[in-house]
Peer 1: 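Here it is, the structure in full.
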Amino acid sequence: MNASSANKEPGRLPWLDFGRAAGILVVLLVHAGVGSGVVRQYGGMFYMPIFFVAAGCVYHRREGEAFGVFLKKKAARLLLPYFGTSAFLWLFFCVKDAELKLPSLFGIFYSRNQMYQSGFTGENPVLLDVLNSPLWFLTAIFLVYLWYEIAERSRKKKLMLGLGLFFSILWHYGTKLLLPWSLDAVPYFACFFFAGEKFRGCCDALCNASDGQSREKNSAPGPAMSEAVLLAMLIVFFAGTRLNGSVNLSCGDYGGSMLLYLIVGTSGSFLVFTVGLWLEKCCKPAARVISLVGQETLMILCFHMFLFMFIRAGAVLLGLGESLTGVLLVAGSLLVLTTVGRIWRKLRQNCHFHSPVV
C-alpha cells in the first residue's frame, strides 16, 4: 500500500503530518518551559530540522513553470503569513504599551531573533521582541525554497548545494554576525531539505516494491534490512546528540559541530517519520487525529506565544501552579489553534484559496 493511500484528504501524507505535529509539540514544550531535560535535549535536536526535511519531502518542481510563478506561490504561502502576523503583533503591542516600537519594526524586517550568534561578548539585542520570535522560520524556509529551486533549475544541484553548505560553514565559523532572513544559514538548511526529498523517494520506492512483491513468509531480507537501518539511525541520533550538545538555530547555535548536527537532525527527523509510518499502518485513527495538528502547524507557529500570554495571565489570576500552567499552555495552544486553523482552512477552501502548509 502506498504511504499516502490511507489519507482521505487529497495530497496529505499522515506520516508527514505526524512529523510536523511532533515538531510543533516540542516547539511548544520548549517555549512553555515544560518537559524534562531529556525531552528538551533529544526533542530539541529534530524539532526545527524536521520542518525543513518535511518541506523537502513534498517538494516537486513543475516542468515549464516560470520561476516568477513559483516565487509568487511561495511568497503567498510563507511571506504573507509572516508579515501579516508580525504586523498584527506589532500593532497590538504598540497600542497596548502606548508606544511606537520602531526597533521592533526593524526586527520584523531583519527577521532574526538577534544580531549576533549566541556567545557573542558584545551587545546583542533581541530583535523579534513582540512575541514573534518563532516567525524567523518562515522567511528562512522561503529562501530555502528559492535557493533550492535555483539549484534544481541549474542542473547542477548537488554542486550548488555543496558550495552553499561550504559558504554557511565558513560564515558561521568566520564571523558572529547573523545575516537577515537567515541568509547565512539558508544553504545549510537546504541540506535538510535535500535529505527530505531523498527520504520521500526512498519511501515511495519501498512502498512500490512492497506492492509488487508476493507476501511469502520467507521473504525476510527487506524487513531485516529496514530494521538494521533503523537501528543505525537510532545509534547515530542518540550518540550524536550526546556528542553535539544543545542547539538553537534561530540564534545560529549548532552545538559542537554544524556537520554533526546536520547528521543528527536528519536522522532524528527520519526516525520521527518512521514512527508516523508505523502509526499510520498499525493505528490509523490515532494517526488521523495527530495529523490534524500537523496540518495546522503554521497557525500554531504564528500565534502560540501570543496565546501563551493570555493563558499565563489567566493562570496567575486563578493561582495555578507552574506545572499546571505549563500543561495548559501546551494543551490549550494545540486545541485552540488547531481548531482555529481548521476553521480558517475551511473558509479558504470555500473561497477557492490554497491553504498554506509548513
Side-chain angles (χ1 to χ4, degrees), residues 1-29 39 42-43 46-47 49-51 53-60 195-217 219-220 222-227 229-231 233-234 237 267-301 330-331 333-346 348-349 354-358:
M1 183 181 70
N2 188 281
S4 63
S5 62
N7 193 0
K8 294 183 178 181
E9 186 177 348
R12 305 300 312 192
L13 296 168
W15 59 267
L16 198 63
D17 287 327
F18 173 88
R20 292 192 183 102
I24 204 66
L25 175 61
V26 179
V27 169
L28 294 178
L29 290 171
V39 172
Y42 291 100
F46 71 80
Y47 80 114
I50 200 169
F51 291 108
V53 176
C57 284
V58 294
Y59 170 79
H60 174 70
E197 187 181 24
K198 293 303 179 183
F199 181 79
R200 174 66 185 278
C202 290
C203 283
D204 289 345
L206 288 172
C207 287
N208 292 333
S210 177
D211 288 341
Q213 291 174 352
S214 61
R215 300 181 179 275
E216 297 179 1
K217 293 183 179 181
S219 58
M225 183 177 176
S226 287
E227 290 172 4
V229 172
L230 181 61
L231 179 60
M233 285 196 298
L234 281 167
F237 177 70
S267 61
S269 300
F270 288 176
L271 286 170
V272 173
F273 289 142
T274 302
V275 172
L277 284 164
W278 173 83
L279 192 64
E280 181 184 346
K281 180 180 179 181
C282 299
C283 190
K284 291 180 182 178
R288 290 195 191 100
V289 171
I290 296 172
S291 71
L292 292 178
V293 176
Q295 292 173 35
E296 309 306 335
T297 51
L298 180 63
M299 181 67 69
I300 298 171
L301 181 79
V330 175
S333 297
L334 286 176
L335 178 61
V336 172
L337 295 177
T338 298
T339 302
V340 171
R342 298 301 296 175
I343 294 171
W344 179 243
R345 182 182 294 269
K346 293 296 183 183
R348 290 174 64 88
Q349 288 174 347
H354 293 292
S355 182
V357 176
V358 173

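Treat the numbers as computed from the prediction; the structure is a model and nothing was measured. We count residues from 1, following the sequence as given. Any value given below was found using the heavy atoms of this structure, including those in side chains, with hydrogens, waters and symmetry copies removed.
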Peer 1: So which heavy atom on Pro49 is nearest to which on Ser269, and how close?
Peer 2: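 Shortest heavy-atom contact: C-OG, 3.8 Å.
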
Peer 1: Any chance you could measure Leu337, atom CG, to Trp344, atom CH2, to the nearest 0.5 Å?
Peer 2: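 So the CG of Leu337 and the CH2 of Trp344 are separated by 14.5 Å.
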
Peer 1: Working to the nearest 0.5 angstrom, can you tell me the gap between Leu301 CG and Ser333 OG?
Peer 2: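 Reported value, rounded in 0.5 Å steps: 12.0 Å.
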
Peer 1: Would you call Phe46 and Val53 a side-chain contact if the rule is heavy atoms closer than 4.5 Å?
Peer 2: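 Phe46 does not reach Val53 side chain to side chain.
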
Peer 1: Does any N or O in the side chain of Arg200 come within less than 3.5 Å of the main-chain N or O of Cys57, such that one atom is a donor and the other an acceptor?
Peer 2: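 Judged by distance alone, yes, a pair lies under 3.5 Å.
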
Peer 1: Might you point out which heavy atoms bring Ala21 and Thr297 nearest each other, and give the distance in Å?
Peer 2: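 In this case the closest contact between Ala21 and Thr297 is N-CG2, 4.5 Å.
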
Peer 1: Looking only at heavy atoms, what is the nearest atom pair of Phe199 and Trp15, with distance?
Peer 2: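 For Phe199 and Trp15, the tightest heavy-atom pair comes out as CE2-CZ3, 3.6 Å.
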
Peer 1: List the atom of Val58, the atom of Arg20, and the distance in Å for their closest heavy-atom pair.
Peer 2: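 What the structure gives for the nearest pair is CG2-NH2, 4.3 Å.
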
Peer 1: Heavy-atom distance under 4.5 Å between the side chains of Met299 and Arg342, does that happen here?
Peer 2: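 No, too far: nothing below the 4.5 Å cut-off.
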
Peer 1: Taking all non-hydrogen atoms of both residues, which atom of Thr338 and which atom of Leu292 are closest, and how far apart?
Peer 2: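 Of all heavy-atom pairs spanning Thr338 and Leu292, the closest is CG2-O, 3.9 Å.
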
Peer 1: Just verifying a value: how many Å separate Glu296 CD and Ile343 CD1, rounded to the nearest 0.5 Å?
Peer 2: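 Those atoms lie 10.0 Å apart.
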
Peer 1: Can you name the one residue among Leu335, Asp17, Ile300 that meets side chain to side chain contact (heavy atoms under 4.5 Å, CB included) with Val293?
Peer 2: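 Per the side chain to side chain contact (heavy atoms under 4.5 Å, CB included) rule, the option paired with Val293 is Ile300, out of Leu335, Asp17, Ile300.
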
Peer 1: Walk me through whether Ile24 and Phe51 qualify under side chain to side chain contact (heavy atoms under 4.5 Å, CB included).
Peer 2: CA-CA 9 Å; Ile24 204 66; Phe51 291 108; 4.2 Å; yes

Peer 1: Rounded to the nearest 0.5 Å, what separates atom CG in Leu13 from atom CG in Leu277?
Peer 2: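 Reported value, rounded in 0.5 Å steps: 9.0 Å.
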
Peer 1: Is there a side-chain contact between Met233 and Leu230 in this structure, where contact means two heavy atoms from C-beta onward sitting under 4.5 Å apart?
Peer 2: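 Of all side-chain heavy-atom pairs linking Leu230 with Met233, at least one is under 4.5 Å.
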
Peer 1: So do the side chains of Ile50 and Phe273 get within less than 4.5 Å of each other, counting heavy atoms only?
Peer 2: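 A side-chain contact under 4.5 Å exists here.
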
